[in-house]
Number of protein chains: 2
Amino acid sequence: MEYKDAKDKFIQTWGSLGSLWGINKAMAQIHALLLISPEPLSMEDVMEELHISRGNTSMNLRQLIDWGIVFKTSKAGERKEYFTSEKDVNELARQIARERSRREIQPTLKVLKEVSNIEDNGTAETKEFIKQTKALHELADTADSILNRVVNQESNWLTKTFIKLLK
Amino acid sequence: MEYKDAKDKFIQTWGSLGSLWGINKAMAQIHALLLISPEPLSMEDVMEELHISRGNTSMNLRQLIDWGIVFKTSKAGERKEYFTSEKDVNELARQIARERSRREIQPTLKVLKEVSNIEDNGTAETKEFIKQTKALHELADTADSILNRVVNQESNWLTKTFIKLLK
DNA sequence: TTAAAGTTTCAATAATTTTTGAAAGTTTGA
DNA sequence: TCAAACTTTCAAAAATTATTGAAACTTTAA
C-alpha cells in the first residue's frame, strides 16, 4: 500500500471510530491527521487535507484543545497559529480516560445514587429498582476507579498492569 | 423522590448514555426498562411505557437480543412473546465488553496493522506515520487483551482485580 | 385449512446532528 | 490608530440517523 492510501485509510478509520468514543467525525479526523503529522499544521492545512470548511475546522480544533489532546503552537516570526497533537499514545489514552470519567461516569454515578435512594415501599417494583440501580452504581464506581488508576499513574501503567496480570 | 420519577429519570439517563456505548436511545431505554422490571414485558408493555411505535420496539428488541443482553421468554398458555434482560450487571458488563471487542477493537486492529505495514521510504512523513500507527496498534491490543480478560473470567473479576490493585 | 394474534419489514417522515460560509471579532505590525 | 491577517461565531442548509405506521409475513389454535 502507498503512503497516501494508508494515510487516507487511517484518517477514515479513526474518523468513524470517533463516533463511538463520543466525538464527531471531523473532530476525530483532525486528530488523526495531527497525530501522524511530523510538523504542526495550520488551520488552512487542515482544511485542505480534509476538505472541510473553516468554521468546522475552527470549532473542532477548539474542542480537541478542550479535551486536552491538541495544542496550539506558534512558529517564530509567523502570525498564524499552528496545531499539534499529543504524540505519546499512552498519554493520549490517559487524557481520554480522564475526560470520559469526568464527562460521563461522574454524572451517571450521581443519578444512580439519587434514584437508588427512593423509599422501599415493599412492592416488587421498588425492590427490583433499588437492587438494580444499586448494582449499577457499584459497577460504574469500580469502572471509574480503574479509569482513575490509569489517569493517575505513570503513563505505561496500562501495559505494566496487563503484563502483571498475565503472570 | 417518588418511584415513578426515579424510574423515569433512570430510563432517561440510561437512554442518553446509550449513545456513548454505541447504541441508540430507544434501544438503551428498552434495556433500562427491562433491567428494572421484576417480570418479563411484552412488546405492548414496552410500547406503552416508553411511548414508542411497534416497529421501533420490534427492531430495537431484536438488536438487544443480538447483543446478547435481552432474551425472549414465553408465558405458559400465552401466545405473546415476553422479553427480559440479563439481570446480573457483571454478566451484562462482560457481554458488552465481548461485543465491543468484536465489533470495534478487532476491526480497528486489522486496519492499524495493515496501514502500519507500508514501506518506510525514509521521509519524515512515513517515519512518523509508521511509528504512530504501530504505537496505536500496541495500545489497542493491550486494551483488547484486558477486555478479553474481563470476558473470560468469572463475572466478578473486575471487582476482584480492582481490590487486588488497591493493596 | 383458516383466521386471529402476533411480529417484522421498510419506505416515508421526523428529529437530530453536522457542516457551511459569511459576517463579526481579534490581534498585531507598521 | 489603522488595516491586513487571521480566528470565531452562529443562523441556515445539508447530511445523517431514528421513528413511524401500515402492509406483509408468520405462527398457532381450532
Side-chain angles (χ1 to χ4, degrees), chain A residues 11-34 40-67 70-85 103-104, chain B residues 11-34 39-67 70-84 103-104:
Chain A
I11 290 174
Q12 194 49 51
T13 303
W14 209 242
S16 39
L17 217 62
S19 64
L20 51 77
W21 50 280
I23 68 176
N24 75 37
K25 200 179 75 176
M27 190 170 153
Q29 287 184 340
I30 294 172
H31 176 249
L33 178 63
L34 293 175
L41 300 181
S42 70
M43 209 151 85
E44 299 278 340
D45 294 335
V46 173
M47 287 167 60
E48 273 177 31
E49 288 264 11
L50 302 179
H51 308 287
I52 58 178
S53 72
R54 187 174 297 282
N56 202 359
T57 307
S58 171
M59 289 180 104
N60 283 302
L61 275 171
R62 188 149 50 76
Q63 280 207 76
L64 285 164
I65 291 168
D66 269 2
W67 269 72
V70 161
F71 314 106
K72 275 188 189 174
T73 64
S74 28
K75 283 192 181 172
E78 282 213 50
R79 184 126 147 217
K80 218 183 288 184
E81 284 172 333
Y82 286 80
F83 301 89
T84 189
S85 98
R103 294 170 194 237
E104 296 154 23
Chain B
I11 290 174
Q12 193 50 50
T13 303
W14 209 242
S16 39
L17 217 62
S19 64
L20 51 75
W21 49 282
I23 68 176
N24 75 37
K25 200 178 74 173
M27 190 170 152
Q29 287 185 339
I30 294 172
H31 176 249
L33 178 63
L34 293 176
E39 296 298 324
L41 300 181
S42 69
M43 208 151 83
E44 300 276 341
D45 293 335
V46 173
M47 289 167 58
E48 273 177 32
E49 289 264 11
L50 302 178
H51 307 288
I52 58 178
S53 72
R54 188 174 297 282
N56 203 0
T57 306
S58 172
M59 289 181 103
N60 284 301
L61 275 171
R62 189 149 49 75
Q63 281 207 76
L64 285 165
I65 291 169
D66 269 2
W67 268 73
V70 161
F71 314 106
K72 275 189 189 173
T73 63
S74 28
K75 283 192 180 172
E78 280 212 52
R79 184 124 147 218
K80 217 182 289 184
E81 285 173 332
Y82 286 80
F83 301 89
T84 189
R103 294 169 193 237
E104 296 153 21

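Every chain is numbered from 1, with letters handed out A, B, ... down the list of sequences. Owing to the predicted nature of the structure, the values given are computational and were not obtained by experimental measurement.
Within the nucleic acid shown, B/N56 comes within 4.0 Å of at least one base atom, counting heavy atoms only.
Exactly one of A/T84, A/V70, A/D45 qualifies for a side chain to side chain contact (heavy atoms under 4.5 Å, CB included) with A/L34. That residue is A/V70.
If you take CD of B/E78 and C1' of C/dG6, they are 12 Å apart, rounded to a whole angstrom. Remark: P of C/dA5 and NZ of B/K75 are 18 Å apart, rounded to the nearest angstrom. Between the CG atom of B/D66 and the C1' atom of C/dT8 there is a distance of 14 Å, rounded to whole Å. When rounded to the nearest whole Å, the span between OH of B/Y82 and C1' of C/dG6 equals 12 Å. Between A/Q63 atom CD and C/dT19 atom P there is a gap of 11 Å when expressed in whole angstrom units. Per the geometry, CE belonging to B/M59 stands 13 Å off C1' belonging to D/dG21, to the nearest Å. Rounded to an integer number of Å, the gap from A/I30 CD1 to C/dT18 C1' is 12 Å. The nearest whole Å value for the distance from the CG atom in B/N24 to the P atom in D/dT16 is 18 Å.
Annotation: the span from B/Q63 atom CD to B/I65 atom CD1 amounts to 11.0 Å, rounded to 0.5 Å. Atom CD1 of B/I30 is separated from atom CG of B/L61 by 4.5 Å, given to the nearest 0.5 angstrom. Rounding to the nearest 0.5 Å gives a distance of 10.5 Å between OG of B/S42 and CD of B/E81. Taken to the nearest 0.5 Å, the CZ atom of B/R103 stands 6.5 Å off from the CG atom of B/D66. One finds the NZ atom of B/K25 at 13.5 Å from the CG atom of B/L17 (value rounded to the nearest 0.5 Å). To the nearest 0.5 angstrom, A/L41 atom CG is 9.0 Å from A/L50 atom CG.
Direction of the helix axis in the helix from C/dT1-D/dA30 to C/dA30-D/dT1 shifts by 20° between the two five-pair termini, rounded to 10°.
Each of A/S53 and B/F83 lies near DNA chain C, and the nucleotide nearest B/F83 is the one positioned closer to the 5' end.
Of the candidate nucleotides C/dT7, D/dT20, C/dT19, C/dT7 has the atom nearest to the side chain of B/K80. If you check C/dG21, D/dT9, D/dT19 against the side chain of B/K25, the one that comes closest is D/dT19. Checking C/dT8, D/dA18, D/dG21 against every side-chain atom of B/K72, the shortest atom distance belongs to C/dT8.
No side-chain heavy atom of B/K75 sits less than 4.5 Å from a side-chain heavy atom of B/K80. Using a 4.5 Å heavy-atom cutoff, the side chains of B/Y82 and B/K72 are not in contact. Looking at heavy atoms from C-beta onward, A/N60 lies out of side-chain contact with A/I52 at the 4.5 angstrom threshold. B/W67 is not listed as a side-chain neighbour of B/H31, based on a closest heavy-atom distance of 4.5 Å or more.
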Report summary line: Going 5' to 3' through nucleotides 22-30 of chain D and flagging B where a protein heavy-atom sits under 4.0 Å of the base, S where only the sugar-phosphate is that close, and - otherwise, we get -----BB--

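The two residues A/L33 and A/V46 come nearest to each other via the heavy atoms CD2-CA, 4.1 Å.
Applying a 4.0 Å cut-off to non-hydrogen atoms, the residues of residues 41-52 of chain A that approach DNA chain D are A/M43, listed by residue number.
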